[in-house]
Amino acid sequence: MYSLEWRDEACIISGDYRDWPNDSKKTAIELWCRSKSGHSILLLVNGLKPYIEISDPMTNSDSKYPNLSLDEVTNDSRVLGEPIELGNKLYNGQERPHWRINVISRDYKYYNSLQKKLSTDGWDVTSSDIFLIHKLLMDFDLGPHISFSGEVLWAGNRAPEEIPRTTNSSEVAEKIRQIGGAGLYPVDLIMHCDVSSLARADPFPTPFVTFSYDLETSVKHNNILCAAAVIDRNGERLIREYRGSEREIMEGLTRLVREEDPDFITGYNIDNFDLPRMLDRSEENSPNSLSDQAAMFGWGRLPATRNEIGVKSPGKIFPKRQNNRVWRIPGRIPLDAWWQARQTLSPQRESLKYVSNLLWPNQDDKQKLDIDASQMDMEWANRPDEVMDYCVRDTILPLDILDKLKSIPRKEALASVSSTTVETASTGTTSQWIDSLVVRLADRNGVAIPITNRTTGRREQIAGGYVHEVEPGTKNWVAVLDFKSMYPSIMISNNICSTTLIRDSHKDSTHFISPVTETRYLSKEDRIGLVPLLLQGLMDSRDKYKKAYSQAQEAGDEDGAFLNDQLQYAVKILMNSFYGVFASSFYRFTHEKLGASITEWARYNITEIISNLEKDGYDVVYSDTDSIFVCTRTEENTPAKKPSGGPELLAWESAKDETLKLGEQLANQFTKEGAELEFETALSAFFSHGAKKRYVGRVIWPREELLIRGYEVRRTDSFSILSKTMTEMFELILEGDEEGAINLAKSVITDVHQGKVETSDLIVSRSCKGSWDKKSGKWVFDKIYANPDSLPYVRAAKERISRGLQFTPGMKVGYIITNSKSSPMGIKAWLVDEIGGEPPKPDPQYYVNRLAKSLGRITSALKFDEAQLKDYAKNPSTQKSLFDF
DNA sequence: GGAAGACCCTAT
DNA sequence: TAAGATAGGGTCTTCC
């Protein structure tokens, strides 16, 4: 058998550990990659040893040997070789000798049982709850982008041209199994290498392949009527339609997945609809044959062998849902376009139609509705071709959405800056991203890796950020300043880390003492904390990416600019997740004092500045956690609205200059080592009705925009006439036209009272949870809600379901309030988008009341209150002017 | 009529 | 491998 070496660069999509039945002293890691030039590669990596680290809690850094018996450990049949002396490591604030123990297998029955036994014997066990694939990236300091060289085991039709195609496949399959693999993986190229030949590579944009699909199903019987799929290979799209028996449809989709070999699997609502439905229907179609089921839903990037399909229970080849959360499809990444749209856009409503409309408002063809989804059986019987067109369109839109939102490059950038696989960046949790960086740094710095804290029940909350009271009314000429990366900066400057926390009471060598609880941290000379070190590195790398971005932009290098912008943004996201993880109760490197000290310093810094400003006679208008709004002392009569010319314009310009100057000056004055205050924006006017976290501002520098925070305008559970009216009122108020704002409120309330407003402007939409009850085959709500039927959104969800429309836990459901006199109030679900028909009849009184209340909060800050507004709505003719105070 | 509680959504 | 945090506003139902 000839042997061919191949060298390449690739991005790791995901990886898995595979136990090696023939030789339990070796391990094999599967790395599913997409190469820089677009080939899919399964890289089989040998040479990694699963291990556990132990230390004796009764020893200290002077001990050479533990009190517990190392011999006993050596003699355990699960242990491979002698314990390896590691010297002293830091654990729980204590230096003490540690040993590494190689374990014969990472399989549960060896590894976890050994871990348990050692722990029971009295050892402190560390480094023992991390997947081997993550260990691989950590121990060899790899990120998702790697270069490697290794032996080609098998080459398929889409392999690089230079590599001869494999002819003796069955022989090769056997060879692959002998080195720990599963056989002939459905990829372009199968390779084999040792860990030592893997190296970190510079990030590049990987040409991923994406598969999008959509099922149309019977409302009556749940079976699949037809399906469509699109493969996107570097922008080139291949569309497929599937009709026929349910089995044929699913087999067709599965063949396409296995032949086209996509990295990402998308669709609209696949997590909660299309994937679970495929699983259900494949089981239903062939309950007694796993291999039949694999032909219908064996989407994992694994060979369809007996072993991978499974004998008694489903094997790895099947997509699987983990704890009702994310789906796992070995070697591929499920990426639901619904969830991406929801996360990045926060749309008011979440139907595919609504989201498409939001993204492409002027393209009718993208959202033309012609099929009534609630009558799918009838539609399919009467006009199958139209149904198929509709189905195809719904597979293309998710791809367009992911493109538009840049979802995939964002995941890849996050993977790159957190040095994880793309799968971990995509579907993992924030603590996994942070683990990836912290654990590898700890390993290099003699710090042991504690296991995740598994205590249940809520611990006492720590105090959070400081929020300043706001006075109702308008203020003109406000400079907004904020701290640059406040929490990370505090962690860096005060050396806050579990490795620097002083746990005992003696007071020597202390440099940093938190202002309230007097928690103490080592000076930087004694030891630089792991996390501060890491955060500083991230801050530097963000600056580097930002610089590279500007340089690329100047050079007209669009791709380079895009890549570096994604990377700098990913660093920002990652840095911002640190505080939360370290303030959580379960994270492995957390101590309850860490989170509390961070916010203590934050509150101390900001309140200190506020009181200094006030002492100097400045009016601090507002402040939230890391921001301060300061009023410039400018003559009261300077117009807030930019005049078109004349002396007023000069006065306006000079007020603006003064605000800019103040902003710069204060930023300089209050910036100190480790707490950089930046001048962020200048406002010509600021308004709040007097509630924290609710304000608006007319931004005039560095760009011009209307800034709105907290108000109904920002909320997805507001209705559009309220949001629209309030926005317009804010515009007027910030220009100084209070009367105009009040008149607007009055006229809109009158219109609503008289029923002159489109019902679609009155839709309220809120998210609704629910869980699927397998027994009854129904969605149930009483496990989640104390009194579900009194909640309008639950009743709206039930109405949707009863009309044959899809429901997904967590989805937003729209409704109209039809009777506010009864309790609970009467509502009707908003189904016009999906099934057309007459809209429900709204209760005008309800909407008048809510508008009066919300808008009245605003006008009352203008000395005009809710009751007056409501009276006005009832009888506008009796009051000539309400602006008389 | 008003307090208490359940729940949603947002700011940072 | 279950899992970022707290502060805060607001609506509606239930209960007295």
Show me the donor-acceptor pairs within less than 3.5 Å that the side chains of residues 421-428 of chain A make with the rest of the protein, sequence neighbours left out.
unit_1   : atom_1 : unit_2   : atom_2 : d
A:Thr421 : OG1    : A:Thr424 : N      : 3.1
A:Thr421 : OG1    : A:Thr424 : OG1    : 3.0
A:Glu423 : OE1    : A:Arg328 : NH1    : 3.2
A:Glu423 : OE2    : A:Arg328 : NH1    : 3.3
A:Thr424 : OG1    : A:His134 : NE2    : 3.4
A:Thr427 : OG1    : A:Glu423 : O      : 3.0

task = Starting at the 5' end of nucleotides 2-10 of chain C, put B wherever the base has a protein heavy atom under 4.0 Å, S where only the sugar-phosphate does, and a dash everywhere else.
result = BBBSSBSBS
task = Go through the structure and list residues passing side chain to side chain donor-acceptor pair (under 3.5 Å) with A:Ser718, not counting sequence neighbours.
result = A:Ser723
request  = Please measure how far the P atom in C:dG4 lies from the corresponding atom in B:dT12, and state the result in whole Å.
outcome  = 23 Å
request  = Could you tell me which residues satisfy salt bridge (Lys or Arg N to Asp or Glu O under 4.0 Å) with A:Asp843, sequence neighbours excluded, listed by chain and number?
outcome  = none
message = Tell me if the centroids of the rings in A:Tyr587 and A:Phe582 come within less than 6.0 Å of each other.
response = yes
remark   = Taken to the nearest whole Å, OH/A:Tyr785 to P/C:dT13 is 15 Å
query = Heavy atoms under 4.0 Å, any strand shown: does A:Ile784 hit a base, just sugar-phosphate, or nothing?
reply = sugar-phosphate
request  = Looking at every strand, decide which applies to A:Arg588 at a 4.0 Å heavy-atom threshold: base, sugar-phosphate, or nothing.
outcome  = nothing
ask   = How long is the line joining CG of A:Asn849 and P of C:dT11, in whole Å?
value = 11 Å
inquiry  = Which residues pass the side chain to side chain donor-acceptor pair (under 3.5 Å) test with A:Asn576, not counting sequence neighbours?
reply    = none
ask   = Listed by chain and number, what are the salt bridge (Lys or Arg N to Asp or Glu O under 4.0 Å) partners of A:Lys320, not counting sequence neighbours?
value = none
request  = Would you mind telling me which residue lines up with the more 5' stretch of DNA chain B, A:Tyr622 or A:Arg342, judged by nearest nucleotide?
outcome  = A:Arg342
Residue from A:Ile133, A:Asp16, A:Leu137 passing side chain to side chain contact (heavy atoms under 4.5 Å, CB included) with A:Leu31 = A:Ile133
request  = Quick one: list whatever passes salt bridge (Lys or Arg N to Asp or Glu O under 4.0 Å) with A:Arg349, sequence neighbours left out.
outcome  = A:Asp833
task = Identify, with sequence neighbours excluded, every residue that meets side chain to side chain contact (heavy atoms under 4.5 Å, CB included) alongside A:Ser688.
result = A:Val470, A:Phe686, A:Tyr695, A:Tyr711
ask   = NA contact type, A:Met825, heavy-atom cut-off 4.0 Å: base, sugar-phosphate, or nothing?
value = sugar-phosphate
query = Who pairs with A:Ser627 by side chain to side chain contact (heavy atoms under 4.5 Å, CB included), at least two apart in sequence or on another chain?
reply = A:Asp482, A:Asp624, A:Phe629
task = Answer with base, sugar-phosphate or nothing: what part of the nucleic acid does A:Phe131 contact at a heavy-atom distance below 4.0 Å?
result = base
note = In the 5' to 3' direction, the nucleotides of DNA chain B bounding the stretch that comes under 4.0 Å of a heavy atom in chain A are B:dC7 to B:dT12
query = Under a cut-off of 3.5 Å for both distances of each Watson-Crick or G-U pair, what dot-bracket string does DNA chain C give, using [ ] for crossing pairs and | for inter-strand pairs?
reply = ....||||||||||||
ask   = Who pairs with A:Arg766 by salt bridge (Lys or Arg N to Asp or Glu O under 4.0 Å), at least two apart in sequence or on another chain?
value = A:Asp717
task = Answer with base, sugar-phosphate or nothing: what part of the nucleic acid does A:Ser627 contact at a heavy-atom distance below 4.0 Å?
result = nothing
